[in-house]
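Chain A is the first sequence line, chain B the second, and so forth, proteins listed ahead of strands; every chain is numbered from 1.
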2 protein chains.
Amino acid sequence: MQHAHDPQRTAALEERILDHDDSELLAERFKLLADPVRIRMVSALVEAGELCVCDLAELVGASESATSHQLRQMRLAGLVRARKQGRSVYYRVADSHIRLLLDVAVEHYLHGDPR
Amino acid sequence: MQHAHDPQRTAALEERILDHDDSELLAERFKLLADPVRIRMVSALVEAGELCVCDLAELVGASESATSHQLRQMRLAGLVRARKQGRSVYYRVADSHIRLLLDVAVEHYLHGDPR
DNA sequence: TCTACCTATGAACAGCTTGTCATATGTTCA
DNA sequence: TGAACATATGACAAGCTGTTCATAGGTAGA
């Protein structure tokens, strides 16, 4: 690196692109959906409304421990909420944005719509 | 794990949630946006339309080598396309879905819209 | 109370990511 | 042709992620 092909243009651009903090925040959100197991968990919770760890683990095909770890992560990020009842804990999706992002991705990447 | 609280319900659910292949595919896509540097790159490319590696590196504040590595990754995933001109290579966004996903995320996570 | 059950959590480990450094390839210009 | 330049790439290191295993806490039922 030494120059900028068009210094004025890049300087102007710099003001319009996402800054470091914003891109960091967005990346954190996308990371939550950047794992097939978590995607299946969110998908299941969206469909079911509410599920206990036990059923969720079976649905997504993961161990209960792994499921619990992932749920903890999503819970700390505010993506899901927990409700305790008896010896079970029921989880539900708390973040409607994630639901929307998943919908958009499903719509565009799975249901045809090439390009 | 031993039972399912409601076997019928979980069996019915299993058919409606994303299967392993689909969730794998979606996760791959979300991974591309799960990094602040790549997000800034996409943001810059969306704003500029086209940028050479050199300018892009300066804009996002990464080394040219790191930038090139990321671009390669995004290129192989079909997210960006390259155009060679002289000794420069100009990149542009090739996947309009990613652009949409980024827009949705920006809209909901950055521009207010709580909940 | 004792036992089985459901979930949570810490530790450890493997695999993946991303950056840097060195180097290679191809290009422009003198 | 030689030198500076723009980009690409392989190898390696450091950090991060996700899983398993062991274990602990709290709850329901006998």
Side-chain angles (χ1 to χ4, degrees), chain A residues 1-7 10 20 23-24 27-42 45 50-77 79-92, chain B residues 1-7 10 20 23-24 27-42 45 50-77 79-92:
Chain A
M1 176 187 70
Q2 176 178 345
H3 67 302
H5 283 152
D6 188 340
T10 39
H20 291 275
S23 55
E24 192 75 50
E28 287 303 314
R29 293 294 157 170
F30 281 119
K31 269 180 199 161
L32 292 172
L33 287 173
D35 178 272
V37 175
R38 281 196 297 273
I39 285 191
R40 273 167 69 78
M41 287 183 177
V42 173
L45 290 176
E50 199 178 57
L51 282 168
C52 68
V53 179
C54 166
D55 286 352
L56 188 53
E58 192 190 332
L59 269 174
V60 304
S63 75
E64 294 192 4
S65 183
T67 302
S68 186
H69 275 296
Q70 297 284 18
L71 284 170
R72 173 189 161 85
Q73 193 179 331
M74 295 198 278
R75 180 165 29 93
L76 294 179
L79 171 52
V80 299
R81 291 222 180 87
R83 177 179 69 86
K84 211 173 204 167
Q85 182 183 328
R87 45 187 165 186
S88 296
V89 176
Y90 291 87
Y91 280 86
R92 65 186 184 286
Chain B
M1 177 186 68
Q2 175 178 344
H3 68 300
H5 284 154
D6 187 339
T10 40
H20 290 276
S23 55
E24 191 75 49
E28 288 303 315
R29 293 294 156 171
F30 281 118
K31 269 180 200 163
L32 291 172
L33 287 173
D35 178 272
V37 174
R38 282 196 296 274
I39 285 191
R40 273 168 68 80
M41 286 182 178
V42 172
L45 289 176
E50 199 177 58
L51 282 168
C52 67
V53 178
C54 166
D55 285 353
L56 189 53
E58 193 191 331
L59 268 174
V60 305
S63 75
E64 294 192 5
S65 183
T67 302
S68 187
H69 275 296
Q70 298 284 16
L71 284 170
R72 173 189 162 84
Q73 193 178 332
M74 296 198 277
R75 181 165 29 94
L76 294 179
L79 171 52
V80 300
R81 290 221 182 88
R83 177 179 69 87
K84 211 171 201 168
Q85 183 183 327
R87 46 187 164 186
S88 296
V89 177
Y90 291 87
Y91 280 86
R92 66 187 184 286

inquiry  = Could you go through B/Val42 and B/Leu79, starting from their C-alpha distance and side-chain angles, then the distance that decides it, and tell me whether this counts as side-chain contact (heavy atoms from CB on, under 4.5 Å)?
reply    = CA-CA 9 Å; B/Val42 172; B/Leu79 171 52; 4.3 Å; yes
inquiry  = Quick check on D/dT19: is either OP1 or OP2 less than 4.0 Å from any side-chain nitrogen or oxygen of A/Arg72?
reply    = no
request  = Could you state the atom-to-atom distance from CZ of B/Arg38 to C1' of C/dT18 in whole Å?
outcome  = 9 Å
request  = From the options D/dA8, C/dA8, C/dG26, select the nucleotide whose nearest atom is closest to the side chain of A/Arg75.
outcome  = C/dA8
key: Closest-nucleotide 5' rank along DNA chain C - winner of B/Glu28 and A/Val53   = A/Val53
query = side chain to side chain contact (heavy atoms under 4.5 Å, CB included) with B/Leu51: which of B/Leu45, B/Val89, B/Val60?
reply = B/Leu45
Base C/dT20 paired with B/His69 side chain (donor-acceptor, <3.5 Å) = yes
ask   = When the distance from NZ of A/Lys84 to P of D/dG25 is rounded to whole Å, what number comes out?
value = 13 Å
task = Check every strand shown and say whether A/Ser88 touches a base, only sugar-phosphate, or nothing at a heavy-atom separation below 4.0 Å.
result = sugar-phosphate
Criterion side-chain contact (heavy atoms from CB on, under 4.5 Å) on B/Leu76 and B/Arg72, from CA distance to verdict = CA-CA 6 Å; B/Leu76 294 179; B/Arg72 173 189 162 84; 4.1 Å; yes
query = B/Lys31 NZ to D/dC16 C1': how many Å, rounded?
reply = 13 Å
request  = Mind calculating the distance between CD (B/Gln85) and C1' (D/dT7) to the nearest angstrom?
outcome  = 14 Å
message = Under 4.0 Å from OP1 or OP2 of C/dG19: is there any side-chain N or O of B/Gln70 that close?
response = yes
key: First encountered from the 5' end of DNA chain D, between A/Gly86 and A/Ser63   = A/Ser63
Euclidean distance, atom CD of residue B/Glu64 to atom P of C/dA22 [Å, nearest integer] = 16 Å
query = To the nearest angstrom, how far is B/Arg87 atom CZ from D/dA8 atom P?
reply = 15 Å
inquiry  = Is B/Tyr91 close enough to D/dA8 that one of its side-chain N or O atoms is under 4.0 Å from OP1 or OP2 there?
reply    = yes
request  = Please step through side chain to side chain donor-acceptor pair (under 3.5 Å) for the pair B/Tyr91 and B/Arg83, ending with a clear verdict.
outcome  = CA-CA 6 Å; B/Tyr91 280 86; B/Arg83 177 179 69 87; over 6 Å; no
task = Classify the side chain of B/Ser65 and the base of C/dC21 as holding, or not holding, a donor-acceptor pair under 3.5 Å.
result = yes
message = By nearest atom, which of the nucleotides C/dA8, D/dG29, D/dG18 is closest to the A/Val89 side chain?
response = C/dA8
task = Apply side-chain hydrogen bond (donor to acceptor under 3.5 Å, both in side chains) to A/Glu24 and list each qualifying residue two or more places apart in sequence or on a separate chain.
result = none
Closest nucleotide among D/dA8, D/dT19, C/dA8 to the B/Ser68 side chain = D/dA8
inquiry  = Measure CD/A/Glu58 against C1'/C/dC6 and give the value in whole Å, please.
reply    = 14 Å
query = Taking atom C1' of C/dA8 as reference, at what distance in whole Å does atom CG of A/Leu56 sit?
reply = 15 Å
query = Contact class for A/Tyr90 vs. all strands (heavy atom < 4.0 Å): base, sugar-phosphate, or nothing?
reply = nothing
task = Kindly say if A/Gln73 contacts the phosphate of D/dG18, meaning a side-chain N or O under 4.0 Å from OP1 or OP2.
result = yes
remark   = CZ of B/Arg92 to CD of B/Glu50, rounded to nearest 0.5 Å, is 6.5 Å
